[in-house]
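Data block below; observations after.
First the proteins, then the strands, lettered A, B, ... as listed; each starts at 1. Values in this document were obtained by computation on a predicted structure and should not be read as measured data. Heavy-atom basis, side chains included; hydrogens, waters and symmetry copies ignored.
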Amino acid sequence: VPDAAGFEAFYRDNLARIVRACALVTLDVALAEDVAAEAFVRLWSRWGQIHGPDHAGGFVFKTAMRLCAREVRRRGRAPGAERGDVDEVQQALNRHEVIGSLKGLPLRQRQAVVLRDWAGFDTAEVARMLGMKESTVRVHLARGREHLREALRVESENDR
Amino acid sequence: MKGDVRDDAIAEALDGAARIIESTPEKLPHVRRKGNRRRAVRWAAIIAALTTFTGGVGWAALAHKPPGTKPSSAPTRAYADHSNGWSFRYPRAWRVQLFTSCQAAAEGILIANDTNRFTRSEKPGACGAWDFTGHSENLALVQIIHAPFAGGEPRDTQFPLSLYRFARPSILGVSGVPADQWGLNVVQGGRFTYQVWVWFGPRASRTDREAARHLVASIRFQAASIETHRVPRLGICPTARGVATDVPPRPPAVRGDIDGDGRNDRAAVVDVPGFPDACSRFIVVQTVSGRLAARLYEWWAPQMPKVAALARIETARGSDLVVTFDAGGFSRQVAILSIRDGKLVLLTLPEIFIVVDAPREAANLDCAGGPGTGEIVWTTTGSQRGPTTDVLRRFYRLIGTRFQLEPPRTERLRVPTADIGTPRIAPKAPELANLKDVFSSCRVR
């Protein structure tokens with residue numbers, strides 16, 4: 001029997017994190033909320049087979065990233081495309097400098113940067129979540145970071 | 001490569017944007033409900049897959065019994081046809097289909113594990129070939145038919161028949177399923193009397209193959225009843241009177257009123273064993289009042305002549321006998337016999353009547369002006385010019401026992417080539433609408 005209380009606690013603790021990760025990838029807050037909800041639906045349907053919070057975290061992130069990619073491709077529109085009826089949160093997000101920079105990144109590079117630099121997963125975990133080789137993840141990361149640094153005029157210590 | 005080190009500056013910039021987004025757990029009940037549904041669907045799919053797999057494995061185990069399984073325990077049914085002279089046992093679940101051989105009066109029987117009806121191939125020149133298209137790949141089919149040609153071998157066939165002694169000719173002219181076929185000419189009294197064919201589809205089960213083997217082993221034919229030494233002879237040939245006395249019209253026989261007494265008679269071409277091929281073929285008619293015989297002077301080995309039809313050409317009652325014999329390719333030569341003054345006589349034809357069951361060289365015979373008028377029309381096709389073909393219709397009148405040409409009635413037509421062999425040509429030359437049958441309009445049998 002799935003542990004409902006345990007799932008609820010995990011859900012409350014991690015919902016915002018998943019929604020934010022999805023929003024950074026899709027650049028669409030409403031879509032990010034829907035995708036996050038679906039990722040938690042799938043997590044709950046398999047909750048009895050999940051072993052601990054780390055496993056659950058990896059599962060829900062991986063599922064969310066896959067759903068994000070599918071939705072972005074399915075909708076066939078440029079990530080973060082402006083819509084006429086966007087809410088205040090979306091407007092605030094769109095105004096943010098980094099969002100403008102993320103729009104210029106291909107989906108895979110954006111996912112790699114969000115998972116590695118924002119979510120803090122190591123390269124091997126990112127590779128597993130995205131279903132690609134570590135070397136490919138590193139290439140996507142390098143290109144994505146280069147683009148963002150240039151756009152944000154951020155210079156990391158390593159670059160100096 | 002610097003991918004292994006987290007870029008804090010980028011992380012901070014991304015986090016600054018992401019922190020704008022707040023989320024509340026208001027969708028939790030929805031997440032639980034949908035998750036529960038998804039779990040139920042997944043379990044149902046797993047159970048269905050397991051059930052299907054288990055059922056499939058079980059079915060396969062039952063369908064493919066291990067080697068050595070004997071079908072003898074399966075219920076069988078006896079079948080005996082005294083008029084055709086064959087009997088056998090076959091599995092109860094199998095289906096029997098009677099048929100008449102192509103362009104002949106010979107009868108045959110099919111016994112198969114397939115309940116669909118077997119039909120002939122529509123291909124031109126594929127006379128007699130079965131079209132197996134649409135039948136099961138598990139097909140097992142046994143066919144018994146009277147020998148379609150004359151001749152024989154010195155050694156009679158040994159019974160019980162064994163599939164291992166059958167020849168395995170390559171499959172030619174067969175449409176559809178069968179992967180292999182076996183055939184055997186049965187020899188009795190030194191003559192070919194029957195043919196047995198067996199076909200198997202590419203996925204025929206071992207059980208059905210065994211059942212077919214047992215069926216073949218159970219086949220029995222009535223022994224040849226003609227004692228050759230008893231047939232009176234003149235020189236080296238049998239006499240017609242002697243044949244009429246001693247040789248009954250053995251199956252396959254055509255039935256119908258031939259002598260006009262209103263009762264069924266039987267007619268068949270017989271090959272009297274023990275005599276030279278040149279004079280051993282007779283047509284024998286068994287009527288209620290007695291038996292008549294007439295020698296067939298023309299025919300070509302190895303095909304046996306056949307009673308192709310009973311047609312009412314002149315006689316107001318009864319019918320004339322139309323005998324055909326293969327003349328090569330799609331061509332058949334025609335002989336017409338009639339009972340006159342209590343004798344079976346061969347009617348004299350002014351020329352060699354050839355009928356051809358092929359649209360490119362079509363030719364056919366029919367009554368002209370309806371049954372019993374004594375008039376016939378012989379239609380042949382000539383040269384083909386573009387999409388049309390020349391057609392020549394010649395009319396003959398029966399006077400006594402001789403047909404005579406009536407030149408003034410001869411018609412020369414030009415018809416669309418594509419119409420030959422189809423109902424479209426009926427208004428101009430009805431005898432070319434159906435090339436398979438002779439004397440279609442006055443045919444009794």
So ring pair (Phe, Tyr, Trp, His ring centres under 6.0 Å) across residues 6-37 of chain B, not counting sequence neighbours, yields none
If you define the side chain from C-beta out and look only at heavy atoms, does anything of D34(A) sit under 4.5 Å from K27(B)? yes
Sort by residue number and list every residue of residues 55-66 of chain A having at least one heavy atom under 4.5 Å from chain B. none
Spacing of CD1 belonging to I10(B) relative to NE2 belonging to H147(A), to within rounding of 0.5 Å: 10.5 Å
For L15(A), which atoms come within 4.5 Å of any heavy atom of chain B: side chain, backbone, both, or neither? both
R203(B) atom CZ, neighbour heavy-atom count above 12 within 6.0 Å: no
Neighbour count >12 (heavy atoms, 6.0 Å) for atom CZ, R165(B): no
What part of R33(B) gets closer than 4.5 Å to chain A, counting heavy atoms only: side chain, backbone, both or neither? neither
Using the side-chain contact (heavy atoms from CB on, under 4.5 Å) definition, which of the options F7(A), W44(A), F40(A) pairs with L28(B)? F7(A)
Counting heavy-atom pairs under 4.5 angstrom with chain A, the leader among A17(B), G16(B), A11(B) is A17(B)
With side chains defined as the heavy atoms from C-beta onward, is the minimum distance between V113(A) and L14(B) less than 4.5 Å? yes
Is a side-chain N or O of D117(A) found less than 3.5 angstrom from the main chain of D7(B), in a donor-acceptor match? yes
Minimum heavy-atom distance between L24(A) and A18(B), given as atom pair plus value: CD1-CB, 4.0 Å
Give me the atom names and distance for the closest heavy-atom approach of A16(A) to S23(B). CA-OG, 3.1 Å
Go through the structure and list residues passing ring-ring contact (aromatic ring centres under 6.0 Å, His included) with W94(B), not counting sequence neighbours. none
Considering only residues two or more places apart or on different chains, which pairs with a residue in residues 42-51 of chain A satisfy salt bridge (Lys or Arg N to Asp or Glu O under 4.0 Å)? E38(A)-R42(A)
Who wins among A23(A), S45(A), A32(A) for the most heavy-atom pairs under 4.5 Å with chain B? S45(A)
Please indicate whether R143(A) has more than 12 foreign heavy atoms, meaning atoms of other residues, nucleotides or ligands, lying under 6.0 Å from its CZ. no
Honestly, the part of E146(A) sitting under 4.5 Å from a heavy atom of chain B is neither
